[in-house]
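Step one of this worksheet: look at the structure below.
Throughout, a chain's letter reflects where its sequence line sits, starting with A, and its residues are numbered from 1.
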Amino acid sequence: MAVLLRLDLLCGAQGAFLQGRPTPGWTGTQHIHLSPNRHSGSKAASLHWTSERVVNVLLLGLLPAAYLDPCAAMDYSLAAVLTLHSPWGLGQVVTDYVHGDASQKAAKAGLLALSALTFAGLCHFNYRDVGICKAVAMLWKL
Amino acid sequence: VGRHCLRAHLSPQLYVRNAIPMGTTAKEEMERFWNKNTSSNRPVSPHITIYSWSLPMAMSICHRGTGVALSGGVYLFGLSALLLPGNFESYLEFVKSLSLGPSLIHTAKFALVFPLMYHTWNGIRHLMWDLGKGLKITQLYQSGVVVLVLTVLSSLGLAAM
């Protein structure tokens, strides 16, 4: 369970968290140091954040790659990376706008189910039908 | 004058001196906040109707909007592949049989590619921020304009292909 740590104001934090005490009259950029994540109960959130960025960069690279070299491997990679990026993004939207523990859990469960189905659908399309890359090419030739 | 917290001596295994663990998690506190406020039916102060819109603010919500729209498209496509009969080519043939004018098709291509390009270029801008670059206010506006220009140019280019 994540435990929040609070600065004990009575003791006067000796620069444990926030650093950079500006001298009077100073108007510049203040450097803030946020709590390092060794203070959190688990590294799950931090790992999630990093994974999101990794997937973003992967997806970015896949777009030109899929154009230059359309093939089955590209189709499946696109399907996989897309069905990671979309639900993670939509999950942030749910967290922002859906309030209350029960509704949020229900919304996230629904999102997970839809995402799993979508991934299955995309893989099915790649296997049985023309595949994502070819489909875009065919659509563009209209 | 050195002030030493008693806690530092009592629990040295805590990484940080001068810190006290709290009894509730952030999630619990959010839950309590919303439970209290939704039941009280208090009026909400005007916020998005009165706050002066800025370019970064507008671009941020557009990033979210395009993301949701693009996701909707992907989900629709994936679910259709599972649920609808026939194959992709048959649907394309159907669209061809409608004999839509080339300008309409061109506009449709532009409408498809525009949100994708915006989200992609703005996504790169977001990744730059994650690296800690370009966070000054002037840079925010500059990169924002660059993203908008790139979006229009790349969308026009791709729609013409």
Membership question, hydrophobic clusters at under 4.5 Å side-chain separation (ILVMFWY): are A:Y127 and B:F88 in the same one? no

Tell me, side chain or backbone of A:L90 under 4.5 Å from chain B's heavy atoms, or both, or neither? side chain

Chain B: which of A:P87, A:G121, A:A79 shares the most heavy-atom pairs with it under 4.5 Å? A:G121

Where does B:L100 contact chain A at under 4.5 Å (heavy atoms): side chain, backbone, both or neither? neither

When the 4.5 angstrom heavy-atom criterion is applied to A:D96 and chain B, the contacting part is side chain

Cut-off 4.5 Å, heavy atoms of chain B, and the answer for A:T83 is neither

Most chain B-contacting option - heavy-atom pairs closer than 4.5 Å, from A:L63, A:L60, A:V130: A:L60

Check whether B:W121 forms a cation-pi arrangement with B:R125 (NZ or CZ under 6.0 Å from the six-membered ring centre, at most 45° off the ring normal). no

Using 0.5 Å steps for rounding, measure from the CG atom of B:L158 to the OH atom of A:Y67. 8.5 Å

Does the side chain of B:L116 reach to within under 4.5 Å of the side chain of B:T120, using non-hydrogen atoms? yes

For chain B, the option from A:S115, A:G89, A:A120 that forms the most heavy-atom pairs under 4.5 Å: A:S115

For residues B:Y118 and B:L127: do they belong to one hydrophobic cluster (side chain heavy atoms under 4.5 Å, members Ile, Leu, Val, Met, Phe, Trp, Tyr)? yes

Tell me, for A:I132 versus chain B, whether the close heavy atoms (under 4.5 Å) come from the side chain, the backbone, both or neither. neither

Heavy-atom count around A:R128 CZ within 6.0 Å, excluding the residue itself: above 12? no

Where does B:L92 contact chain A at under 4.5 Å (heavy atoms): side chain, backbone, both or neither? both

Under 4.5 Å between any side-chain heavy atoms of A:E52 and A:Q92, yes or no? yes

Please say yes or no: joined through hydrophobic side-chain contacts below 4.5 Å, possibly via intermediate residues, are B:Y91 and A:V136 part of one cluster? no

Could you tell me which portion of B:H119 (side chain, backbone, both or neither) has an atom closer than 4.5 angstrom to a non-hydrogen atom of chain A? side chain

Okay, A:L142 and chain B: the region with an atom under 4.5 Å from a heavy atom over there is both

Checking heavy atoms, do the side chain of B:N35, its backbone, both or neither come under 4.5 Å from chain A? neither

